[in-house]
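Report on the following structure.
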Amino acid sequence: MVLKLIGFNTSTCTLRVAVVLKEKNVPFEFTHTDLVGGAHKAPAFTAFQPFGQVPYIDDDGFILYESRAIARYITAKYASQGTQGLIPTDPKAHALFEQAASIETSNFDPFASGLAWELKFTKMFGGQTDEARAATLRATLKSKLDAYEVILSKQKYLAGNEVTLADLFHLPYGRVILEIGVDEFSSRPNVARWWKDITSRPSWQAVKDGV
């Protein structure tokens, strides 16, 4: 049975899963969920994803949600195919991967996603931007990316010299903030080099405009 990805075709978290599926050459069937119409809050959806958020997967009856957990599952299950090393197995390399993954969740996502919501998604749903919060988020993101610049001056990717899930996890929200005019990548040469590298991957090029 083909793995099913249930989500919204351009949502950041759905794309986070889709790019990993492409990296691992995993065939999948996509089911679009109408977020605007509230389909993700309907009982038929929350029966599988109790928080009413996208995406989740159905792998022959195995239901899993949370995009980063799904990405880890896909990488582990399909370890022998597609891109190797997205989750390193050597203990030290694995520890560095988990460190990099924590960097993304703690030092990038809260600020990039916050900016995306303040400057794009809030308006889409009829709200108003909190300009003060947006300014604070951007200032914090700048300081965080200064640290990225230090890390990436010493190695090619966040966990070392091979690409991992930790790098790929940045792609969806990184693209959104660039689209809304928040470019804190290009002024930092090593961050800019890293960003060009990961956004040029065929997997991201295949899904970046929607699943």
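Because the structure is a prediction, the values reported are computed rather than measured.
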Determine, for Lys92 against Glu98, whether the closest basic-nitrogen to carboxylate-oxygen distance falls under 4.0 angstrom.
-> no
Residues, nucleotides or ligands: over 12 heavy atoms within 6.0 Å of Glu162 CD = no
Please lay out, stage by stage, how Arg16 and Asp109 fare under the test salt bridge (charged side-chain N to carboxylate O under 4.0 Å, His left out).
-> CA-CA 12 Å; Arg16 186 177 288 126; Asp109 185 81; 3.7 Å; yes
Heavy-atom pair of closest approach, residues Leu137 and Pro110 | CD2-O, 4.1 Å
Under 6.0 Å from the NZ atom of Lys22, do we count more than 12 heavy atoms belonging to anything else shown?
-> no
Could you name each residue pair satisfying ring-ring contact (aromatic ring centres under 6.0 Å, His included) that touches residues 85-104, not counting sequence neighbours?
-> His94-Phe97
How about Asn161 and Lys156: does a side-chain donor come under 3.5 Å of a side-chain acceptor?
-> no
Sole residue of Asp209, Thr199, Thr12 in side-chain hydrogen bond (donor to acceptor under 3.5 Å, both in side chains) with Arg175 = Asp209
Check for a donor-acceptor pair, side chain of Glu184 on one end and backbone N or O of Lys142 on the other, with a separation under 3.5 Å.
-> no
Do Leu171 and Leu86 sit in the same hydrophobic cluster, where Ile, Leu, Val, Met, Phe, Trp and Tyr count as joined when their side-chain heavy atoms come under 4.5 Å apart?
-> yes
Side chain to side chain contact (heavy atoms under 4.5 Å, CB included) evaluation trace for Ile63 with Tyr56 | CA-CA 7 Å; Ile63 305 299; Tyr56 70 88; 4.0 Å; yes
Kindly indicate whether the side chain of Val2, heavy atoms from C-beta on, has any atom under 4.5 Å from the side chain of Asp60.
-> no
Heavy-atom closest pair (Ile70 atom, Leu64 atom, distance to 0.1 Å) is CD1-O, 3.5 Å
Are Glu149 and Asn190 close enough that a side-chain donor and a side-chain acceptor fall under 3.5 Å?
-> yes
If the plane angle is over 60° it's perpendicular, under 30° parallel, otherwise tilted; pick one for Phe108 and Tyr148.
-> tilted
Scan side-chain atoms only and decide if Ser143 and Asp146 contain a donor-acceptor pair under the 3.5 Å cut-off.
-> no
Work out which heavy atom in Tyr65 is nearest to a heavy atom in Pro55; give both atom names and the distance.
-> CB-O, 3.8 Å
Step through it carefully: locate the ring centre of Phe62, locate the ring centre of Tyr73, and say whether they are under 6.0 Å apart.
-> yes
Report yes or no: do Ser203 and Glu23 form a side-chain donor-acceptor pair below 3.5 Å?
-> yes
Could you walk me through whether Val54 and Gln49 pass the side chain to side chain contact (heavy atoms under 4.5 Å, CB included) test, one step at a time?
-> CA-CA 8 Å; Val54 294; Gln49 214 295 7; over 6 Å; no
Atom of Leu152, atom of Tyr157 and distance for their closest heavy-atom approach | CD2-C, 3.7 Å
Ile103-Phe185 co-clustered via ILVMFWY side chain contacts under 4.5 Å | yes
Might you confirm whether atom NZ of Lys196 has over 12 heavy atoms from other residues, nucleotides or ligands at distances under 6.0 Å?
-> no
How close do Ala116 and Ile177 get, heavy atom to heavy atom, and via which atoms?
-> N-CG2, 4.4 Å
Hey, mind stepping through Asn25 and Tyr78 against side chain to side chain donor-acceptor pair (under 3.5 Å) and telling me if it holds?
-> CA-CA 9 Å; Asn25 296 330; Tyr78 299 96; over 6 Å; no
Above 12 or not: heavy atoms from other molecules or residues under 6.0 Å from CZ of Phe121?
-> yes
Using 30° and 60° as the class limits, which term best fits the ring planes of His170 and Trp194: parallel, tilted or perpendicular?
-> perpendicular
Of all residues at least two apart in sequence or in a different chain, which pass the salt bridge (Lys or Arg N to Asp or Glu O under 4.0 Å) check with Lys4?
-> none
What about Val19 and Ile87, same hydrophobic cluster or not, with Ile/Leu/Val/Met/Phe/Trp/Tyr joined at side-chain heavy-atom distances under 4.5 Å?
-> yes
Can you find a heavy atom in the side chain of Leu15 that is under 4.5 Å from one in the side chain of Trp204?
-> yes
State whether the side chain of Thr122 and the backbone N or O of Gln128 hold a donor-acceptor pair below 3.5 Å, judged by distance alone.
-> no
How far apart are the closest heavy atoms of Ile6 and Phe45, and which atoms are they?
-> CG2-CE1, 3.8 Å
